[in-house]
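Here the structure is laid out as structure tokens; the discussion comes afterwards.
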Amino acid sequence: TQSTRPQRLLGAVQKKATRGNPRSVIQTIDQFCRQREWAMNVGDEKGCILDSVVTETNPTTVLELGTYCGYSTVRIASLLPPQARLITLEFNPDFARIARQVITWAGVQDKVELVEGASGDLIPKMKAQFGVNTFDLVFLDHWKDRYLPDTKLMEECGLLKKGSILLADNVICPGTPDYLEYVRNSPRYQSQYFKSHLEYTKVEDGLEKSVFLG
Ligand SMILES: O=C(CSCCNC(=O)c1cc(-c2ccc(F)cc2)cc(O)c1O)c1ccc(O)c(O)c1
Ligand SMILES: [Mg+2]
């Protein structure tokens, strides 16, 4: 039977990356995506912007919406202080199965909780079921038409506090027009656009960083 792209990406990681070395896993995935097959990881260019936002936020509780193969999960987790934790939500069980193995290969599994399911169902359970108070940082990278409803849901569930950071991938390509309009016009957010490119291409894309003002 045919292998899937995530399976081939995992194969490259297990063949070429050093166990327990997150940077080596990231480099291997970026090389695979540049030289073999494009895949929808945030990538190295936007990944550097993600790294800088994570380090300046210095978060203790992070939520990632959309795990895919775990590339950004590994990038974020590798920058977290020892007690910090990252909850990542993935809708697709095949993606989740691959991501768990990438996360473990990188050695960051102790900082990561991967939960399978739809963000719309899981976000309302964060406090009661996952013991979360509020999130310091949220990385949005799942279905592009879920960014806005899930942001409103996080507000309603009291998961954002004054100073919480939302960082959204793909606000240009594939694009999240309703989300952008909301965070750029709402008095409850201070937004900033980081111009970049769609992973592994010359197509314009960018990250939108929005601070929740309470
Ligand atoms: O993670 C998922 C599955 S959807 C994957 C989202 N990502 C994309 O679609 C995505 C796509 C592209 C892209 C593709 C083709 C192009 F020609 C150009 C760009 C790039 C990206 O960087 C992306 O992130 C999930 C769904 C529901 C949930 O409720 C949940 O929690 C999670
Ligand atoms: Mg993306």
Side-chain angles (χ1 to χ4, degrees), residues 4-10 26 29-30 32-34 36-51 53-54 62-77 86-103 112-126 129-130 132 135 137-154 156-157 159 165-180 183 193-210:
T4 65
R5 180 166 310 183
Q7 283 170 334
R8 294 191 291 273
L9 183 151
L10 173 62
I26 295 305
I29 294 173
D30 286 328
F32 174 84
C33 292
R34 286 193 180 283
R36 295 269 185 288
E37 306 180 59
W38 186 92
M40 58 183 170
N41 316 119
V42 73
D44 40 5
E45 192 179 315
K46 288 185 288 179
C48 285
I49 300 166
L50 171 62
D51 292 352
V53 171
V54 172
V62 184
L63 175 65
E64 177 180 63
L65 301 176
T67 317
Y68 187 41
C69 294
Y71 175 93
S72 49
T73 321
V74 168
R75 268 199 103 112
I76 296 167
L86 164 58
I87 297 176
T88 182
L89 309 185
E90 180 46 60
F91 181 73
N92 180 314
D94 299 320
F95 294 169
R97 190 173 308 112
I98 298 296
R100 290 187 201 286
Q101 297 174 79
V102 168
I103 289 160
V112 176
E113 187 169 1
L114 195 165
V115 187
E116 287 182 46
S119 46
D121 301 335
L122 292 167
I123 285 168
K125 297 174 180 170
M126 280 297 134
Q129 193 170 330
F130 297 92
V132 170
F135 290 110
L137 173 65
V138 181
F139 181 53
L140 298 93
D141 194 21
H142 60 331
W143 293 133
K144 307 315 161 193
D145 60 3
R146 288 296 315 173
Y147 284 28
L148 182 53
D150 285 345
T151 296
K152 290 181 172 174
L153 194 54
M154 287 187 285
E156 287 154 23
C157 296
L159 288 166
I165 305 287
L166 303 185
L167 188 65
D169 190 26
N170 310 118
V171 295
I172 304 300
C173 176
T176 62
D178 60 344
Y179 173 80
L180 269 193
V183 290
Y193 175 62
F194 291 84
K195 186 174 179 349
S196 185
H197 295 94
L198 176 68
E199 48 267 27
Y200 318 116
T201 77
K202 291 186 168 46
V203 173
E204 182 181 343
D205 189 21
L207 299 174
E208 187 83 0
K209 177 189 172 191
S210 306

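We count ligands from 1, going down the list as the structure has it; atoms in each ligand are counted the same way.
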If you count every heavy atom of other residues, nucleotides or ligands that lies below 6.0 Å from Arg8 atom CZ, does the total exceed 12? yes

Which segment of Val203 sits under 4.0 Å of ligand 1 when only heavy atoms are counted: neither

Check ligand 1 against Met40 and write out every atom of the ligand that is under 4.0 Å from a heavy-atom position of the residue. 5 (C), 7 (N), 8 (C), 9 (O), 10 (C), 11 (C), 20 (C), 21 (C), 22 (O), 23 (C)

Verify, without hydrogens or angle tests, whether Ser72 (side chain) and Arg75 (backbone) share a donor-acceptor contact under 3.5 angstrom. no

Note: Arg146, heavy atoms under 4.0 Å from ligand 1, region reported as neither

Considering only heavy atoms, which of Thr67, Asp150, Asn170 lies nearest to atom 21 (C) of ligand 1? Asn170

Closest protein heavy atom (residue, atom, distance) for atom 3 (C) of ligand 1: Glu90 OE2, 3.9 Å

Just checking, any donor-acceptor pair under 3.5 angstrom between side chains of Thr67 and Thr73? no

Short question: side chain of Glu90, backbone of Tyr68 - any donor-acceptor pair under 3.5 Å? yes

Do Leu148 and Thr176 pass the side-chain contact (heavy atoms from CB on, under 4.5 Å) test, and can you show the C-alpha distance, the side-chain angles, and the key distance before you say yes or no? CA-CA 8 Å; Leu148 182 53; Thr176 62; over 6 Å; no

Check: Leu153 main-chain N/O paired with Glu156 side-chain donor or acceptor under 3.5 Å: no

Ranked by distance from atom 7 (N) of ligand 1, the top protein heavy atom is Lys144 NZ, 3.4 Å

Which atom, among the N/O/S set of Asp169, is closest to the Mg ion (ligand 2)? OD2

Among Asp205, Asp145, Leu198, Leu140, closest by heavy atom to atom 19 (C) of ligand 1 is Leu198

With distance as the sole test, does Trp143 use its side chain to make a donor-acceptor pair with the main-chain N or O of Gly66 at under 3.5 Å? no

Please work out, at 4.0 Å between heavy atoms, whether the side chain, the backbone, both, or neither of Tyr71 comes within that distance of ligand 1. neither

Short N or O distance, Glu199 and ligand 1, threshold 3.5 Å exclusive: yes

Heteroatom of Asp141 nearest to the Mg ion (ligand 2) (N, O or S, atom name): OD1

May I ask you to check whether Tyr68 brings an N, O or S atom to under 2.8 Å from the Mg ion (ligand 2)? no

May I ask you to test the Met154-Thr151 pair for a side-chain heavy-atom distance under 4.5 Å? yes

Backbone, side chain, both or neither: what part of Asp141 comes under 4.0 angstrom of ligand 1, heavy atoms only? both

How about atom 17 (F) of ligand 1: does it have a protein heavy atom within less than 4.0 Å? no

With no hydrogens and no angle check, do the side chains of Tyr200 and Asp30 hold a donor and an acceptor under 3.5 Å apart? yes

Does Leu89 reach ligand 1, in the sense of a heavy atom lying below 4.0 Å from it? yes

